[in-house]
2 protein chains.
Amino acid sequence: MENSEASPHRSGCPINLGLEVFGDKWSLLIVRDMMFSGKRHFREFLASEEGISTNILADRLAKLVEAGVLTRAGDPAHKLKAIYSLTEMGIELLPIVAEISRWSRKYQPVDPVMAATGEARDRGGPGAVAAQMEALRRVHLNGEI
Amino acid sequence: MENSEASPHRSGCPINLGLEVFGDKWSLLIVRDMMFSGKRHFREFLASEEGISTNILADRLAKLVEAGVLTRAGDPAHKLKAIYSLTEMGIELLPIVAEISRWSRKYQPVDPVMAATGEARDRGGPGAVAAQMEALRRVHLNGEI
DNA sequence: CTCCAATGATTGCATTTTGCAAGTGATTGC
DNA sequence: GCAATCACTTGCAAAATGCAATCATTGGAG
């Protein structure tokens with residue numbers, strides 16, 4: 001948690017720059033948990049089925065906050081509780097997550113239960129993703145974007 | 001390059017299963033090079049701006065072939081040359097790549113030159129991705145899917 | 001008050017992955 | 001022949017990851 005802007009990007013290619021932010025096995029799972037399970041607290045992310053460890057989770061949360069995908073705030077009721085929110089930048093990762101879901105449901109041995117939300121989104125047509133993003137904005141962005 | 005099917009997936013979640021295939025900093029760059037630069041040979045991937053090293057490239061190509069995203073064949077003209085092709089599964093990664101491109105062009109300091117192809121695709125409307133996939137099928141899948 | 005469980009982390013250490021340079025064996029061009 | 005080119009492989013240092021234990025703070029119970 002120190003360097004503010006020393007980024008020597010590997011290249012200016014859009015695909016590469018995206019992968020530099022979330023191109024690992026954990027970051028998008030955190031985003032997924034915020035989007036589809038309403039998780040906001042450290043302990044909640046820790047409880048996910050994939051079993052992320054505390055140091056990796058702390059590292060990824062810090063990197064996502066630094067990248068501007070999440071914000072971190074103290075819970076007003078519990079000073080110990082940190083509460084994480086998606087930014088507009090984070091909410092706009094939903095189309096990417098939705099396309100990954102669609103690809104995996106077509107080509108990977110997904111759990112039918114876990115595939116249900118994605119299938120419902122597909123049945124909802126093109127507007128479903130936009131509607132889901134609007135719902136996330138109402139929860140994570142208190143009015144202001 | 002040995003275990004054929006011992007995969008104890010971290011979970012059956014579609015997002016997770018996708019990330020297990022291409023959730024790293026290099027795999028989607030190889031796919032990108034095949035899609036947008038027409039690269040098919042080891043040396044061509046090696047020449048990309050991001051500077052992948054030979055062992056990582058060999059490892060990723062093997063993993064992508066094993067996952068069914070790519071196929072590997074000997075070049076009939078040059079026995080030394082291996083030629084890699086996208087499968088239908090690989091071609092259908094284009095919507096994911098396109099959404100990553102769109103997100104990065106909105107939120108990351110992309111190189112305007114490299115952003116041009118993505119911008120053109122966006123201007124082409126919803127059919128542009130499908131058309132690009134059709135073009136890839138004609139090059140990579142000789143008739144048969 | 002004191003104790004104690006719960007919070008979001010940090011630390012130490014073994015294992016795994018990555019990055020880099022050099023080398024390998026099989027072909028091809030001259 | 002003989003150097004150049006091809007797709008890799010190998011060795012080794014550095015970085016990232018995984019795991020368990022631990023930390024400091026806080027809020028609540030007694």
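Proteins come first, then strands; the chains are lettered A, B, ... in the order of their sequence lines, and each starts at number 1.
- Base pairing of D:dA16: its partner is C:dT15, meeting the Watson-Crick or G-U wobble criterion (both donor-acceptor distances under 3.5 Å).
- A:Lys81 has its NZ atom 18 Å from the P atom of C:dA5, to the nearest Å.
- Separating the CD1 atom of B:Ile83 from the C1' atom of D:dC6 is a distance of 14 Å, rounded to the nearest angstrom.
- Contacts of B:Tyr84 with the nucleic acid, taken as non-hydrogen atoms under 4.0 Å apart, involve only primed sugar atoms and P, OP1 or OP2.
- Straight-line distance from the CZ atom of B:Phe45 to the P atom of D:dA7: 10 Å, rounded to whole Å.
- Following rounding to the nearest Å, B:Leu57 (CG) and C:dG19 (C1') show an atom-to-atom distance of 13 Å.
- Remark: B:Asp33 engages B:Ser37, B:Lys39, B:Phe45, B:Ser48 in a side chain to side chain contact (heavy atoms under 4.5 Å, CB included) (not counting sequence neighbours).
- In this structure B:Ser11 satisfies the side chain to side chain contact (heavy atoms under 4.5 Å, CB included) test together with A:Glu49, A:Glu50, B:Cys13, B:Asn16, sequence neighbours excluded.
- OP1 or OP2 of C:dT18 has not a single side-chain nitrogen or oxygen of B:Trp26 nearer than 4.0 Å.
- In this structure, the nucleotide among D:dC8, D:dG18, C:dG8 sitting nearest to the side chain of A:Ala82 is C:dG8.
- The phosphate of D:dC6 has neither OP1 nor OP2 within less than 4.0 Å of any side-chain N or O from B:Arg40.
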Do nucleotides 22-27 of chain C as a string where each nucleotide becomes B, S or -: B if the base has a protein heavy atom under 4.0 Å, S if just the sugar-phosphate does, - if no protein is that close.
B---BB
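- Closest contact between the side chain of A:Ile56 and the listed nucleotides D:dA7, D:dT17, C:dG19 involves D:dT17.
- Regarding B:Asn55, its CG atom lies at a distance of 11 Å from the C1' atom of D:dC12, rounded to whole Å.
- With D:dC8, D:dG18, C:dG8 as the candidates, the nucleotide lying closest to the side chain of B:Phe42 is D:dC8.
- Look at A:Arg60 and you'll find a side-chain N or O under 4.0 angstrom from OP1 or OP2 of D:dT17.
- Residues meeting the ring-ring contact (aromatic ring centres under 6.0 Å, His included) test with A:Tyr107, sequence neighbours left out: A:Trp103.
- Here the P atom of nucleotide D:dC19 and the CG atom of A:Asp59 are 16 Å apart, to the nearest Å.
- Using a 4.0 Å cut-off between a side-chain N of Lys or Arg and a carboxylate O of Asp or Glu, B:Glu20 and B:Arg10 qualify as a salt bridge.
- In this model, a donor atom of one side chain and an acceptor atom of the other lie less than 3.5 Å apart for A:Ser101 and A:Arg105.
- Scanning for side chain to side chain contact (heavy atoms under 4.5 Å, CB included) contacts around B:Val65 gives B:Leu70, B:Arg72, B:Tyr84, with sequence neighbours left out.
- Rounded to a whole Å, the CD atom of B:Glu50 is 13 Å from the P atom of C:dC20.
- D:dT5 atom C1' lies 14 Å from atom CD of B:Glu44, rounded to whole Å.
- Applying the ring pair (Phe, Tyr, Trp, His ring centres under 6.0 Å) test to pairs two or more places apart or on separate chains, none has a residue in residues 112-134 of chain A.
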